[in-house]
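Notes follow once the structure below has been shown.
All heavy atoms count here, side chains included; hydrogens, waters and symmetry mates do not.
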Amino acid sequence: MSDTNTDAAVRDAEQEPLLPQEPSIEQPEHAQPSATDRARHKTLQVARHTTTLLCVCLAAACLAIGFYILYILFHVPALLAVLRGSEPLLESASLIDMNDDAVLFAVDIQFPDWGDRVANIPFVNATIYHHGHTVGWVYASNLKVTPQEKRISLYEVFHIADSDAMARLLIEAASSRRVAVNAQAKIALSGFGKYLPVADVSRDLDVVLPPPPNVNVTACDVVGPVVDMRRGGITAQANVKVGLPAFASANVSPIWLDFSYHGIVVAAAEVGPMSIYASGVGDLPVKFNVRQIETRAHEAALADMAIKASSGEGFELAVSGADPSRYDAAPLWLRQALRNITIPVRSDMLQLPHDVSLPIEDIVKSVAVDKLYGYWSAKDSFNPWAGVSAQVSIDIPNHSAANVKFEIDSLVPNIQLLDEDQLPFATVDIPTTPIRMVQTEELQFVASCDYDRVSLSVIPGCELQFTRAMKRALSDRHVAIGVDGTLNVSMTTSIGQIHIEALPIVTSIDWKFDRLEIAGGDRELRVSQPAEISVTRIHVLDTTRDQIKLEIDIGVENPFTYGAFISDMALEVKYAGLHIATVGVKELSLSQGTNDVTVYVDFNNYPGDPRQRMLFLEASSGKNVTLEISGFPNCTSISPLEESLRGFAQKFTIDTSQLGSHSSSPGMFTGKFPKVLREVVFHIFTMSAEATVVNPVSGASVWIQTIDAIGYYEDDIPLGVLEYDFTDKQPRQGQSNGLLLPYNQAITTPRLPITANETSIGWDVVRRAIGGTLDVSVFTNIQMQVGNAPLNFTIMGRNAPVKIRL
């Protein structure tokens, strides 16, 4: 081949154009060529071979590139198979730590549809740009997915290159719920093929963020609120339980937040450090400070929040980060971002502990009534009214060691009542005289009111709803009404004065009870002094064998400023199921001072029924007597009350020991009754006794027919037995009714023989009392005749003074 090239070069050289000959010195015939000639000859030879060499090199390079492209194309199916069958699923994500320069995170990514391929990526180096500014970069290495292990676990650091860019990225994500970034990455593909290159990837991403997850927030371990001397206002601490999606966990540095309402910062909070565990439940310590009221706009904002909360509408607070210069616990980029991020938070997102809400009966400890007046007449059947002056002691359990000031300077309500369909049926007309509440201790208060007249006005056309509500309360022991209205409130608190106009009251009362009780447990209804009731006259209107009709005049010494008026009412009284009487008034009018009340009693006589005797025995013994009162048709002319009382029945217990005029511990009233037994004299020589009695009953003849009695000293030492039949000793025109007791006259019985007890103890007791008195308890069975009604009753006279004479 070299010979051929040489021959061609010779021919080419031979074909070169001739050049003009320079003059020269004639050379000898066989002389050697010069150096210039030799260089020229060499150049001509190289020029002849350059084109051929270039062609050979170019062909070799194209062949190598072709083979490399074929090598890459050979691995393309594997890359495509990986990309098509590798839809990632985020299993868990953890935010481990963060500072001004980096964020340490960990994620677990699952590829559930991974095939039988093996993916091995030596490294990925990704850089994030936001609007042309470098945010940061992350480097990950040794990423491998196999058919046996379809999960990648990353524990990496995101290096922050520009804090301002990082803050702007977070602000955009929070405000628009989307992120527009440019991601540039270098990906080593040698894991798919040894000689595959490092790929440069650049992509613009516009990611729409999903809606915020449902977050459950519950406050517990509350301490306070207490007056904050450092920040001002009041501060409460709590441990907040936060519930997030179960795959997320995080450790977040403490942050400071401001809570604003309509542009006014009303509170601040120190939140964190926050720890959310893989279960999605985390603990978040919070210090919440309610700011001191500084302006009228600030006060108006708090008032509007209270109005919306009370109406059930709720309110929305704007939560944003505090000024970054106020704290340094969190990274600067996070503080800057939070300052420019505003998150709306509704008031119903926070769930308070269950023990914060307490039934009213658990916090009202006592009710002291100074004056009370009620008015209800047939003419104003649907417009009763009352006057009241009272103090209510309120004691709220202070489990959180709260220490704040809260007093109500003025509270004026405007209320209407709602039926079961939540429609108004009556209004409560209350005067503008305010209710006040003063604070006595931490979370202990005394509320007081003084109303001359509080009227209940039934809306025309709603009389049936009012009657149903009354009947349900009296007959079914079930108060079920709605309350709708407003309150005008002025308060003095630890954060300043607050005035709220038209604070809504929207609530329902659903209260079931067994007994009509004003108080129970350690709560009581107290009055300044008891009322004194005295029976001034007992007059018999009519008698039959089975009934005695009585008219009883009662004097009531009323200590209250007000009393009551009711046009008419009657109730049946039962004892142990026995209808013993019907008691009523034609008009009851009580006012402060002395009042005269006439009560009409239809006493039903059951001379052979032992329950009647037991009633008198219990009442005379000072024991508790349980009676039942009930209504009946036409028991009153007040139509809604009459309808309600038809099914009404109520048992109550009377402590008869409180009815005497010398009660040592009076309750709401004390009683004074006519003294029937004036004197008892025991004569030792004749072993007899005589008694002086006064009959307080007019309108009918009263006779004592028989008496059987046993006397005891100190309730257990028998002294003697008396048995006497007055019908045998007092004959009158061929018949005897016994000993007649004229009305209001002192009558002394004849000396009644007594069989003395044979024990020496009883006799010694009587002998030592000669010339003085001895307190004797007498168990007595008496048969009497009142008009046409025979009466049999048993009484127990306790500690009656008996004069002992020779």
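For the ring-ring contact (aromatic ring centres under 6.0 Å, His included) test, residues two or more places apart in sequence or in another chain that qualify with H159 are W137.
Under the side chain to side chain donor-acceptor pair (under 3.5 Å) criterion, the residue pairs touching residues 309-324 are D323-S325, with sequence neighbours excluded. Residue pairs meeting the ring-ring contact (aromatic ring centres under 6.0 Å, His included) criterion with at least one member in residues 252-274, sequence neighbours excluded: W256-Y327, F259-F288.
The closest side-chain donor-acceptor pair between E172 and H131 falls under 3.5 angstrom. Residues E407 and T492 have side chains that never bring a donor and an acceptor to within less than 3.5 angstrom of each other. Using a 3.5 Å distance cut-off with no hydrogens or angles, the side chains of S490 and D409 do not pair a donor with an acceptor.
The closest donor-acceptor contact from the side chain of N414 to the backbone of L487 lies at 3.5 Å or more, if one exists at all. In this structure a side-chain-to-backbone donor-acceptor pair under 3.5 Å is present from R339 to G321. Q336 contributes no side-chain N or O that, together with a main-chain N or O of M166, makes up a donor-acceptor pair within less than 3.5 Å. Not one N or O on the side chain of D421 forms a donor-acceptor pair closer than 3.5 Å with the backbone of L423. Side chain of N182 to backbone of Y129: no donor-acceptor contact under 3.5 angstrom is found.
Of all heavy-atom pairs spanning P273 and P285, the tightest one is O-CD, 3.4 Å.
The number of heavy-atom neighbours closer than 6.0 Å to OH of Y139, taken from other residues, nucleotides and ligands shown, is above 12.
In summary, D258 and R326 engage in a salt bridge, as defined by a charged side-chain N under 4.0 Å from a carboxylate O.
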